[in-house]
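Okay, so here's the structure we're looking at.
Below, read A as the first sequence line, B as the second, and so on, with proteins coming before strands; counting in each chain starts at 1.
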2 protein chains.
Amino acid sequence: MKDPLENWLEELLEKHEGEQMTDKQSRILRAAVEVFAEKGYSGAATSEIAQRAGVAEGTIFRHYRTKKDLLYSIVAPFVARLIEPFVLRGLYPLIDKPHATFEGFVRGLLDNRIAFAEKNIKVIRILLQEVPFHPELREQFLSKVADRVLQKMSRVVNHYREQGQIVDLPALTTIRMVGSTLFGYLLVRFLLAPKEWNDAQEREATIQFILHGISRKD
Amino acid sequence: MKDPLENWLEELLEKHEGEQMTDKQSRILRAAVEVFAEKGYSGAATSEIAQRAGVAEGTIFRHYRTKKDLLYSIVAPFVARLIEPFVLRGLYPLIDKPHATFEGFVRGLLDNRIAFAEKNIKVIRILLQEVPFHPELREQFLSKVADRVLQKMSRVVNHYREQGQIVDLPALTTIRMVGSTLFGYLLVRFLLAPKEWNDAQEREATIQFILHGISRKD
DNA sequence: ATAAAAAGTGAGTAATCACTCATTTATTAA
DNA sequence: TTAATAAATGAGTGATTACTCACTTTTTAT
């Protein structure tokens, strides 16, 4: 793997099943990530995954009972474990020891999410592509992410609201709008990837937009 | 079709090829929209589309040379024609005769996009699902939507900026952030569809967020 | 060194896929 | 009514699919 940022895969490979994993098994996982990301679950053939991994097709089914098992072995840990400890682990410092200012919190959040997106683009892509077609994934995603993250976030947002730093709105509404803005930033930067992109400037504008909106106050 | 809002399909059915369309042909299109939306392109079997349409499988291929042709006959007109005249047609009143205030413009834009999303959820869903796997679609989408819409929008945004109503930022940055917020609103409302949703309140909060951000000015 | 267990193989299988085509049914024109 | 044209059919086709299994190779334990 040339991309040094994709350490999530390494973590997955090491921790998988608690036991160690053979060379071929890890190549299957890497190839599966590639093909699923390129063609989607339905469009991905196990024969192609085997070919790219340089193993016999039967080897895949020695380790994963079905093709769906293979998908889940990639995505489920990402949802259940990477989102839970890894994602939230990154957020805990922000949540448990909140910055004095809401602005500081948002800046930290932005840095944090950028780093996370950089490391995990491929799985995020697979997840976004497959979630519409797999209700189980959607359910797990929503119960893990939505419930846990939203709950934590609500506490943080309420904290700043009680301090009078941010406007008086339901926490979920606030989270939706800050989230939309961050999500839009990440989407444009990583998936649309426009040619002209002054990142420092875009980041600062995003922060200022969240804080003060777009209308001129004079 | 029970849903009276889905008039885009009627328009597609009537205008298709300029010629009139047989009963079976329109039932094929309706069924195809259903199945593509549910299972995605790769996961949708032509046999199932035929079954749901109540026609023989051969009939599908009498009208559409390939399965991909069938997908395009649904999606391409939406991109090329519905986005162009229908989407932009809806925007033209906003663009050509801009409101006196930026706030009025944003309010109009929000109403406009909500109405559009309500009428076209299914195709939007198909488009969002398939765009990652079909470079031609992506290209067409970007060249039609991105280029045309962004160009028009930039003019509007620059207009308000020159009037001093909004902050001094590149038009594309402004559009990204307003767009993110609107997109987030639509996504949460139509795709996540939370149980508790006071729409009037959420709309107003969204407008205020775009205008003034989230920090308290006292 | 040897036996047992685990990992890996690839030809084979039934099911399903998109698509074809000879034939039948419905529509139109005279 | 009849001939010509178009629409619709569904059994059939080869290709591809996910998956199996009898077998070989490699690793581990003694």
T59(A): what forms a side chain to side chain donor-acceptor pair (under 3.5 Å) with it, not counting sequence neighbours?
none
Pairing residues for R107(A) by the side-chain contact (heavy atoms from CB on, under 4.5 Å) criterion, not counting sequence neighbours:
E103(A), E204(A), I207(A), Q208(A)
Could you tell me which residues satisfy salt bridge (charged side-chain N to carboxylate O under 4.0 Å, His left out) with R189(B), sequence neighbours excluded, listed by chain and number?
E118(B), D199(B)
List for me each residue that meets ring-ring contact (aromatic ring centres under 6.0 Å, His included) alongside F133(A), sequence neighbours excluded, and say none if there are none.
none
Does S42(B) have any side-chain contact (heavy atoms from CB on, under 4.5 Å) partners at least two apart in sequence or in another chain, and if so, which?
S42(A)
Protein-nucleotides 24-28 of chain C N/O pairs under 3.5 Å:
none

Partners meeting ring-ring contact (aromatic ring centres under 6.0 Å, His included) with H134(A) (sequence neighbours left out)
Y41(A)
Is a donor on one side and an acceptor on the other found under 3.5 Å between the side chain of R138(B) and the backbone of P132(B)?
yes
Excluding sequence neighbours, so at least two apart, what forms side chain to side chain donor-acceptor pair (under 3.5 Å) with E202(B)?
T173(A), R176(A)
When every nucleotide of nucleotides 6-20 of chain C is labelled 5' to 3' by its protein contacts under 4.0 Å (heavy atoms), B for base, S for sugar-phosphate only, - for none, what sequence of letters results?
-BBBB------SBBB
Who passes side-chain contact (heavy atoms from CB on, under 4.5 Å) against L187(A), sequence neighbours left out?
F183(A), L191(A)
Name all residues meeting the side chain to side chain donor-acceptor pair (under 3.5 Å) criterion together with R52(B); count only those two or more places apart in sequence or in a different chain, and write none if there are none.
E38(B), E48(B)
Shoot me the first and last contacting nucleotide of DNA chain D against chain A, ordered 5' to 3', at under 4.0 angstrom to non-hydrogen atoms.
dT17(D) to dA22(D)
